[in-house]
Amino acid sequence: MSSSPSESPVVPQSGATSGTLSYAPPAPRVPLFSADAWAPLKVELFRSLYIATSIAQIGTWVREAGGPWLMKILTDGTKTQPEMVAKVLVFSNLPICLLSVFAGALADVLDRRRLLIVTQIWMMVVSAILGVLTWAGLITPWGLLGLTFLLGAGTAAAGPALQAVLPELVPKKDLALAINLNSVALNVARALGPALFIFVVTFIPKEHGVGASFFVTAATFVVSIYVLWRWERPPQRAAVHGEEMWGAIRSGFLYTVHSPANRAILLRVLTFIVPAVVMWSQVPIIATGLLGLQKEHAEKGCAMLFAFVGLGAILGVLLMPGLHRRYKIDPVVNACTACFAGGLVLLSFVHHFWMASFIMVFLGINWVIIPTNFNTATQKSVPLWVKGRAISFYLTVLFGSFAIGGAIWGRVTTHFSYPGHVGINMSLLIGGLSMAALLVLAIWFPLTINEGLDLSPAFKGEAPKQPWPVALGTPEQSSLPSTNGDPVVGYSNDGPKGPMEVATDYDVEPTRVQEFLAAMRQVGQLRRRNGASHWRLEPGAPAGGAVRYVEHVRYHSSVEYTRQPARMTAHDMKLLEATRAFHVGSDAPLVRGAPASAHGLELKSTVGSWMTAKFAESFDRAFDEIAAAFDRFADLRERERQSRARK
């Protein structure tokens with residue numbers, strides 16, 4: 001796994017790797033608390049969706065505060081109570097880890113507005129069911145975990161679509177501010193949600209109060225459903241030549257695996273979130289086991305700790321516009337991670353509620369800055385065609401880390417507990433020290449590897465469509481460009497549709513071979529990132545005084561090859577043009593294409609591949625039917641509206 005961009009004399013790449021705060025030139029003095037943070041709210045559509053989804057997030061955090069506390073009530077007197085309380089966080093985030101990749105593909109393939117409506121309705125219904133069962137006293141620990149899992153599935157489906165729709169709502173210059181404002185909403189919700197939970201359980205005690213809080217959660221989704229329903233968004237088409245869901249997942253996975261920038265971000269997310277979760281997964285245990293709150297005060301104390309973290313997060317969001325203009329992402333994240341680690345260590349030695357509250361505010365400030373910058377780095381590191389899927393992989397690792405961390409710290413706390421003592425202090429201490437130790441990875445895995453690269457589409461408007469492959473060496477020559485930008489020999493529009501291979505000949509001066517090979521390593525990464533299933537560079541036949549190399553690129557299907565131009569960014573084309581400059585012939589490098597079977601690269605027909613294909617086909621058909629049903633329902637509603645208008 002490469003941690004930084006390949007060194008090449010052709011296309012230098014930049015990235016902040018410094019671990020200390022340094023001014024980014026030019027560095028105008030900008031107030032840290034800046035009114036510019038609210039600029040995206042001037043856009044009416046963003047403002048409406050922002051308010052609606054913020055209300056829904058407040059309801060979500062009412063449930064986030066109520067779920068662990070309900071589990072504590074249900075498991076009172078059991079030795080495994082810390083572990084069961086932590087499992088609420090695990091089951092809330094595990095579906096986001098498992099399903100976000102599918103959700104990211106759906107966000108790029110299906111209509112995002114419709115997908116968001118369906119997910120909001122789903123979470124409203126499941127929250128209401130959870131409220132009914134809790135109010136009636138029928139809920140069990142595993143029933144709570146099961147319904148929590150279903151709510152997490154709704155969050156998983158909504159997350160990539162909601163984030164991928166942001167570029168449609170605000171100007172490009174305000175995208176980072178819009179992401180910050182989403183963090184504001186999340187962390188205001190993190191403060192107000194627990195406060196609302198306290199208000200409900202103050203007037204309605206015990207399980208009935210928790211059940212009522214779940215009804216409040218269900219009600220908060222109504223506003224977002226209404227606003228999304230009223231949004232007159234044009235129907236969405238798949239970003240790249242009508243991709244289907246399974247192919248979209250495969251191409252998103254290949255992009256993530258072969259993108260050094262994305263790999264670095266995901267590793268940093270994992271190594272921060274897993275230690276940080278010790279705070280989130282154990283808040284009820286911190287309130288009772290570390291701070292010693294008595295049973296009559298523990299419920300409110302637990303919710304207040306959540307609220308203090310939310311308060312700190314709001315302060316952190318207000319700091320971010322100034323931080324973004326003064327400093328680069330990497331030093332900000334590194335400094336805040338060190339502060340967060342120190343806060344966890346300090347919290348492990350505190351036994352006074354108000355001192356712990358002050359530390360929670362401090363942790364909240366750093367908490368919001370770090371994941372928000374992870375999100376911003378992800379958004380800026382990928383081109384538009386794969387943005388939803390890149391976000392989905394980010395969410396998969398983010399919430400997968402929550403699930404892993406919740407499971408780890410629940411067991412650690414249980415392990416260090418004994419009669420009369422709860423081992424939460426050891427969990428906090430180990431979490432802080434491990435986070436500080438893992439921060440050393442920032443040296444090799446910066447967050448801004450793609451900083452400064454032009455990731456806009458290489459072809460403006462509709463990307464050129466590639467002709468289909470026929471046989472290698474066919475004399476006809478298309479006037480359309482290949483993914484190199486050169487004409488392709490051996491193509492027509494009536495060839496086979498199976499896997500294919502494209503070969504490109506380069507004649508290079510002997511003195512420039514090492515430079516050429518370094519550049520081609522980047523090209524190979526580019527090909528795989530954009531969907532090639534195989535890439536290799538081989539020496540070819542002698543070409544006079546030059547050294548010949550042949551680049552072989554294999555694609556899963558000819559359809560996948562036709563999508564390459566639409567996936568090319570301006571930076572990709574710059575790299576390819578710089579690579580072609582090594583070719584010493586009078587003509588452009590010769591590009592030849594053929595079905596992959598012509599090179600002895602037939603696809604292996606196995607039971608596993610057959611089952612995978614059938615599963616993918618069934619999955620695509622199911623989502624097609626869901627989309628068609630939604631279309632029919634929308635058409636019926638429109639006809640009814642027109643009928644009422646005529647009357």
Exercise: identify the closest heavy-atom pair between Gly406 and Val277:
N-CG1, 3.4 Å
If you look at every heavy atom in Leu228 and Gln120, which pair is closest and at what distance?
CD1-CG, 3.9 Å
In this structure, CD1 of Ile225 is separated from CD1 of Ile117 (nearest 0.5 Å) by 8.5 Å
Say you draw a straight line from CZ of Phe353 to CE of Met360; how long is it, rounded to the nearest 0.5 Å?
9.0 Å
When you compare the side chain of Ser381 with that of Asn262, does any pair of heavy atoms fall below 4.5 Å?
yes
With side chains defined as the heavy atoms from C-beta onward, is the minimum distance between Leu438 and Pro275 less than 4.5 Å?
yes
Heavy-atom pair of closest approach, residues Ser127 and Leu151
OG-CD2, 3.3 Å
Can you find a heavy atom in the side chain of Val368 that is under 4.5 Å from one in the side chain of Leu319?
no
Gap between atom CG of Leu266 and atom CG of Leu398 - 0.5 Å precision:
10.0 Å
Contacts of type ring-ring contact (aromatic ring centres under 6.0 Å, His included), residue Phe46, not counting sequence neighbours:
Tyr50
Does either side chain, that of Thr413 or that of Ser427, offer a donor lying less than 3.5 Å from an acceptor on the other one?
yes
Is a donor on one side and an acceptor on the other found under 3.5 Å between the side chain of Arg113 and the backbone of Trp229?
yes
Of the non-hydrogen atoms in Ser357 and Phe308, which two are nearest, and what is the gap between them?
OG-CE1, 3.3 Å
Using only atom types and a distance under 3.5 Å, with no angle test, would you say the side chain of Trp231 pairs donor to acceptor with the backbone of Tyr226?
no
So do the side chains of Ile265 and Phe445 get within less than 4.5 Å of each other, counting heavy atoms only?
no
Answer whether the closest heavy-atom distance between the side chains of Ile129 and Val125 falls below 4.5 Å.
yes
Look only at the side chain of Asn375 and the backbone of Pro371, and say whether a donor-acceptor pair between them is shorter than 3.5 Å.
no
If you define the side chain from C-beta out and look only at heavy atoms, does anything of Leu290 sit under 4.5 Å from Leu428?
yes
N/O donor-acceptor pair under 3.5 Å between Lys387 side chain and Gln379 backbone
yes
For the ring pair Phe358 and Phe362, is the centre-to-centre distance below 6.0 Å?
no
So, does Ser259 use its side chain to make a donor-acceptor pair with the main chain of Thr256 at under 3.5 Å?
no
Looking only at heavy atoms, which two atoms of Ala158 and Leu116 are closest? And how far apart?
O-CD2, 3.6 Å
Where does the angle between the aromatic ring planes of Phe253 and Phe393 fall among parallel (under 30°), tilted (30 to 60°) and perpendicular (over 60°)?
tilted
Indicate yes or no for a side-chain donor-acceptor contact from Thr134 to the backbone of Gly211 under 3.5 Å, with no hydrogens or angles considered.
no
Checking Leu145 against Met84 for the side-chain contact (heavy atoms from CB on, under 4.5 Å) test, could you report, in this order, the C-alpha distance in whole Å, the side-chain angles of both residues, the deciding distance, and whether it holds?
CA-CA 9 Å; Leu145 293 178; Met84 293 299 291; 4.2 Å; yes
Audit row: Leu305, Val309, side-chain contact (heavy atoms from CB on, under 4.5 Å) steps and yes/no:
CA-CA 6 Å; Leu305 291 177; Val309 176; 5.9 Å; no
With rounding to the nearest 0.5 Å, note down the distance linking CE in Met124 to OG in Ser224.
9.0 Å
Quick one: CD1 on Ile329 to CG on Leu447, what's the gap to the nearest 0.5 Å?
7.0 Å
Atom CZ in Phe272, atom CG in Leu441: separation rounded to 0.5 Å?
14.0 Å
Could you go through Ile369 and Val333, starting from their C-alpha distance and side-chain angles, then the distance that decides it, and tell me whether this counts as side-chain contact (heavy atoms from CB on, under 4.5 Å)?
CA-CA 7 Å; Ile369 292 173; Val333 170; 5.8 Å; no
Heavy-atom side-chain contact between Leu144 and Thr148 under 4.5 Å:
yes
Are Asn334 and Arg268 close enough that a side-chain donor and a side-chain acceptor fall under 3.5 Å?
yes
Counting only heavy atoms not in Phe199 (residues, nucleotides, ligands), do more than 12 fall under 6.0 Å from its CZ?
no
Beyond-backbone contact of His208 with Val201, side-chain heavy atoms, under 4.5 angstrom:
no
For the student: nearest non-hydrogen atoms of Thr119 and Gly154, plus distance
CB-O, 3.9 Å
Could you tell me whether Trp135 atom CH2 has more than 12 heavy atoms of other residues or ligands within 6.0 Å of it?
yes
Under the side-chain contact (heavy atoms from CB on, under 4.5 Å) rule, what do Tyr255 and Val382 come out as? Steps first, then yes or no, please.
CA-CA 9 Å; Tyr255 187 94; Val382 296; 3.8 Å; yes
Is a side-chain donor or acceptor of Ser213 paired with a backbone partner of Val210 at a separation under 3.5 angstrom?
yes
